[in-house]
Amino acid sequence: MKHTQRYDQHQAMAFADLLVQWYEKNKRQLPWRRERDPYRIWVSEIMLQQTRVEAVIPYYERFMEQFPTLQELADAPEDRVLKAWEGLGYYSRARNLHQAVREVQTHYNGIVPDEPDAMGNLPGVGPYTLGAVLSIAYNKEIPAVDGNVMRVISRVFYLYDDIGKQKTRKTIEQMVQQMIPTGKASQFNQGLMELGALVCIPGNPRCLGCPVQTVCRAYAEGVQKELPVKEKKKPPREQQIVVPLIEQERKIWINRRSNEGLLAGLWQLPTYEVTGEDEPTSLQTSFYEQYGFRLQIGERFFTVQHVFSHIKWNMNVYKCFLSESEQSLLAQVSDKDSGHCFVPIEELEQFTFPNVHLKILSKWKGME
DNA sequence: AAACCGTGGGA
DNA sequence: TTCCCAAGGTT
């Protein structure tokens, strides 16, 4: 009888035992495993959301040098926090963490809460992070179910539920909750993730060296490659983006994005989504609506593509020209605090986001 | 429930 | 090249 999900108590206990033993012997030495400071563990867990360990390590080290304690992070201006996060992605994580730390400072006397209700109500702390921080830092017996854990549990316990569904995460949280060995929540939760990261990996799991091979039902049935079940996601939708390149005395016109949505609050070369009509007209219209005069659009300079997780930008860069009166008009409103300004081309890098605009910059310099 | 929010590395 | 996806959270 295939696809039945029977939960075997003996299997679960043997599994937990083997896992904890293996973890204690084989865990990696990671920067956030050096001490058990709840603040540091919290920061690491936020950075590790949807992000690989190798990518996180340098950011984590720098972050801890800049903000060694919860209080120092709480006291820091948001600009510095975002700057330290630049390049890591998912920037609301940084803003939420900053806000949450400030709440801890004011409401909890600077001590990271060890109660699920208090911790779970902080911005940016969802069910996974709640369980991870409380179990790792305080050894509380609370599940911490992430993608690794769902993969491991699906395989070991022969679970065919789609791990893309929220309901499946809840099912697995209940299973894990019952398996946590008394007094060993920290090792067990980290062991689950460590096994998922090193052995029970996506695609071709390394079953030959697996410490829980003897209790794994997927291995027994030879279906470890079929699990976990996960529905494919849709391809990113495409957007046509026009970028005006406005230069004046070796300075480039940039602006700051809205505080909400994609790349919130970040500086960029201006981008406008093309709506309907041809690109130069669309660009001229968008610019007119914003500044009240018609920009002269030159020829198309070049095309750059950038793919986000859910959006694909086809960016066409147009060289633009201003009359003398328009030049002085823009120069007058050039102001960092109001969200748009001219910056020297050498400084463009620090106001633009890596990867997307650096490509533009290099091509622009090459064509001078 | 499903869309939205980044990035870089590996197959 | 293209696709997948990695220690998720919010709306």
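Source: prediction; values computed, not measured. A, B, ... follow the sequence lines: proteins, then strands. Residue 1 opens every chain.
- Regarding R52(A), its CZ atom lies at a distance of 14 Å from the P atom of dC4(C), rounded to whole Å.
- Among the heavy atoms of the strands lying under 4.0 Å from T129(A) are primed sugar atoms or P, OP1, OP2 only; no base atom is included.
- Spacing between atom NZ of K165(A) and atom P of dA1(B) amounts to 7 Å, rounded to whole angstrom units.
- Residues Q174(A) and T171(A) have side chains that never bring a donor and an acceptor to within less than 3.5 angstrom of each other.
- In this structure, L88(A) places its CG atom 15 Å from C1' of dG9(B), rounding to the nearest Å.
- If E54(A) and Q49(A) are placed on DNA chain B by their nearest nucleotide, the residue sitting closer to the 5' end is Q49(A).
- Counting to the nearest Å, the P atom of dG9(C) and the CH2 atom of W42(A) are 13 Å from each other.
- With 3.5 Å as the limit, one finds a donor-acceptor pair spanning the side chains of Q190(A) and R33(A).
- Heavy atoms of R151(A) sit under 4.0 angstrom from primed sugar atoms or phosphate atoms, though from no base atom.
- Residue side chain Y90(A) reaches the base of dG6(B) through a donor-acceptor N/O pair under 3.5 Å, judged by distance alone.
- Nucleic acid contact class of Q166(A) (heavy atoms, under 4.0 Å, all strands): base.
- Between dA6(C) and Q50(A), no contact under 4.0 Å exists linking OP1 or OP2 to a side-chain N or O.
- L30(A) comes within contact range of at least one nucleobase, with a heavy-atom separation under 4.0 Å.
- Place I136(A) and V125(A) on DNA chain C by their nearest nucleotides, and I136(A) ends up nearer the 5' end.
- Among residues two or more places apart in sequence or in another chain, the ring pair (Phe, Tyr, Trp, His ring centres under 6.0 Å) test is passed with W22(A) by none.
- Residue L198(A) contributes atom CG, which lies 13 Å from atom P of dA6(C) at whole-angstrom precision.
- When rounded to the nearest whole Å, the span between CD of Q268(A) and P of dG6(B) equals 12 Å.
- Across the protein-nucleic acid pair, R206(A) atom CZ and dA11(B) atom C1' stand 13 Å apart, rounded to whole Å.
- Between G124(A) and W32(A), it is W32(A) whose nearest contact on DNA chain C lies nearer the 5' terminus.
- On the P atoms, dA3(B) is 16 Å away from dC4(C), given to the nearest whole Å.
- Rounded to a whole Å, the OH atom of Y128(A) is 14 Å from the P atom of dA6(C).
- The phosphate of dG8(C) (OP1 or OP2) has no side-chain N or O of T51(A) nearer than 4.0 angstrom.
- No hydrogens or angles considered: nothing links the side chains of S282(A) and E279(A) as a donor-acceptor pair under 3.5 Å.
- Using P as the reference atom, dT1(C) and dG6(B) are 24 Å apart when rounded to the nearest Å.
- Taking the six-membered ring wherever Trp is involved, the centroid distance between the rings of Y23(A) and F188(A) does not fall below 6.0 Å.
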